[in-house]
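Step one of this worksheet: look at the structure below.
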Amino acid sequence: MRCTKKIIYTENLRNNINEIKKNMKAGVKLCCAVKADGYGNDGINTAKIAEEMGASYLAIATVSEGIELRQNNVKCDLLLLSPCCPEEFQELIENDITPLVFDEETIKLLNNQAKKTGKDCQSVFLAVDTGMGRIGCYPEEAGQMAEKITASSNLKLSGMITHFAVSDSISSENIKFTNEQYKKFMQAVSNVKEKGIDPGIKTCSASAAAIAIPEFQLDMIRPGIILYGYYADEVTKEYLNKKNIQLNLKPVMQFETAVAAIRHFTPGQTISYGRTWKCEKETEIAVLPVGYADGLLRRNSPGLNVTINGKPYPVVGRICMDQCMIDIGLNNKDVKRWDKAIIFGPKDKGSLFDAEDIARMTNTISYEIMTSISKRVEKIFL
């Protein structure tokens with residue numbers, strides 16, 4: 001196996017699911033987001049563990065993700081959070097995937113395909129746009145859309161869903177906006193009920209609101225980033241503790257490689273493309289076989305440090321497609337060829353940095369750091 005790999009700590013995933021469940025109100029269902037290959041943490045493994053631990057739904061983003069789960073014997077209900085095209089409706093129906101609908105054209109086309117396929121009870125969720133500005137009908141249209149779904153002979157309204165835009169922010173302005181979104185969603189639910197239609201499962205909360213605002217849990221929560229060991233932006237562990245909410249997360253993924261070579265450099269020599277780094281004093285440079293094609297983003301140089309035997313070492317020069325270089329200093333007895341070099345991971349497993357630390361270096365989020373790791377990086381499950 002290549003020395004550049006991801007270690008997936010399944011015991012940490014189980015810990016995180018248990019921590020989430022401790023914060024769920026009685027009767028609330030759990031929908032675990034396993035889209036984007038489980039945020040890079042392996043969607044199939046996450047799905048099987050979540051299913052085993054009582055998840056009612058798994059959230060996916062593409063029909064192909066759902067097919068892969070079904071091919072790997074995942075039986076849980078699948079909720080498709082992103083739109084798909086009519087050419088995918090056949091496979092969606094055959095694999096028992098629940099899509100979001102919010103317009104008359106999609107409802108009609110999906111109903112026709114369900115008829116052709118012979119499925120008389122294709123489950124759908126009605127998406128409502130309460131302020132995300134992405135997908136969904138407007139709240140005032142919800143009753144009308146629900147009528148069109150229930151009038152379709154082969155469709156069943158199984159739930160209603162919205163998504164918060166800024167629930168991971170703790171500013172007063174954004175808290176107000178989230179509360180307004182919630183009110184709009186509940187008005188949409190009322191509009192559906194006024195038509196004499198059962199709205200089914202009501203769900204509006206992903207990671208941040210699901211934990212920080214328990215009253216918004218409704219019938220089902222949809223945790224994503226917290227499954228994988230990271231807090232949702234400003235809704236940190238410290239913020240939750242101040243609200244007397246306990247959520248003790250552990251990062252699931254470790255991204256690591258090894259020292260493939262150690263080379264001696266003298267003052268004046270330069271490193272990598274563009275010659276952006278010049279050696280100022282005699283030193284040794286370790287070469288790591290990991291680069292931006294693996295997901296170690298080029299914009300992480302300079303600024304990135306990696307952990308070797310409990311000490312940080314800076315990346316020097318530009319990160320290449322398949323390699324990067326770090327300065328380990330002269331006559332360093334702590335670093336040997338083939339020693340493990342950890343890019344990020346759980347700090348109790350030997351890393352000095354987690355994905356959130358890496359994200360802060362480049363003004364992004366832990367989600368992007370994990371999902372950027374490419375498929376050529378093999379996974380080991382522990």
Side-chain angles (χ1 to χ4, degrees), residues 29 31 33 35 55-70 74-163 181-182 184-206 218-222:
K29 297 179 185 292
C31 174
K35 61 193 179 83
S56 298
Y57 277 82
L58 301 170
I60 56 176
T62 67
V63 173
S64 60
E65 288 177 344
I67 293 171
E68 185 178 40
L69 292 176
R70 294 299 187 221
V74 172
K75 305 297 185 186
C76 207
D77 286 333
L78 302 180
L79 186 61
L80 181 67
L81 298 182
S82 290
C84 64
C85 63
E87 289 77 9
E88 297 176 281
F89 286 172
Q90 178 72 26
E91 289 183 318
L92 178 144
I93 293 165
E94 289 175 349
N95 287 277
D96 198 22
I97 298 169
T98 299
L100 309 187
V101 298
F102 51 90
D103 64 274
E104 187 173 356
E105 179 185 358
T106 301
I107 292 168
K108 182 177 179 180
L109 289 173
L110 186 62
N111 185 62
N112 289 341
Q113 186 62 58
K115 282 181 182 177
K116 291 179 185 177
T117 309
K119 187 170 183 179
D120 59 4
C121 196
Q122 171 60 41
S123 174
V124 301
F125 271 49
L126 175 61
V128 183
D129 180 9
T130 57
M132 183 68 179
R134 196 164 60 179
I135 62 170
C137 67
Y138 294 113
E140 60 271 20
E141 300 174 325
Q144 177 188 357
M145 288 299 114
E147 283 184 318
K148 293 188 180 300
I149 292 167
T150 54
S152 302
S153 56
N154 292 67
L155 301 184
K156 176 189 176 184
L157 179 61
S158 295
M160 291 181 64
I161 184 171
T162 196
H163 192 63
Q181 280 195 264
Y182 178 77
K184 289 177 181 178
F185 182 61
M186 296 313 295
Q187 184 58 56
V189 170
S190 295
N191 292 346
V192 170
K193 289 181 176 179
E194 286 170 4
K195 299 288 186 179
I197 299 170
D198 181 358
I201 297 169
K202 302 178 294 297
T203 176
C204 62
S205 294
L218 299 179
D219 300 320
M220 184 166 74
I221 61 170
R222 309 187 309 272

Determine whether a donor-acceptor pair (N or O, by modelled atom type, separation under 3.5 Å) exists between the side chain of [X] and the backbone of [Y].
X	Y	answer
Asn95	Ile97	no
Asp219	Lys202	yes
Arg222	His163	no
Thr162	Val128	yes
Asn111	Ala114	no
Glu68	Glu65	no
Gln144	Glu141	no
Thr130	Phe185	no

Within this structure, what is the [atom1]-[atom2] distance for the pair [X] and [Y], rounded to the nearest 0.5 Å?
X	Y	atom1	atom2	value
Lys148	Thr150	NZ	OG1	10.0 Å
Met220	Cys204	CE	SG	10.5 Å
Glu91	Ser64	CD	OG	9.0 Å
Leu58	Leu80	CG	CG	12.5 Å
Leu81	Ile161	CG	CD1	5.5 Å
Leu92	Leu78	CG	CG	9.5 Å

Would you say the side chain of [Y] lies within less than 4.5 Å of the side chain of [X], judging by non-hydrogen atoms?
X	Y	value
Pro99	Leu110	yes
Ile197	Ile149	no
Ile60	Thr62	no
Tyr57	Ile201	yes
Met145	Cys137	yes
Lys115	Ser153	yes

Counting only heavy atoms not in [X], do more than 12 sit closer than 6.0 Å to its [atom1] atom?
X	atom1	answer
Lys29	NZ	no
Lys119	NZ	yes
Glu104	CD	no

How far apart are the closest heavy atoms of [X] and [Y], and which atoms are they?
X	Y	answer
Phe125	Met160	CD2-N, 4.0 Å
Phe102	Leu126	CA-CD1, 4.1 Å
Leu157	Asp198	CD2-O, 3.7 Å
Gly133	Asp129	N-OD1, 3.0 Å
Ile107	Ser152	CG2-OG, 3.5 Å
Gln122	Thr98	NE2-CA, 4.3 Å

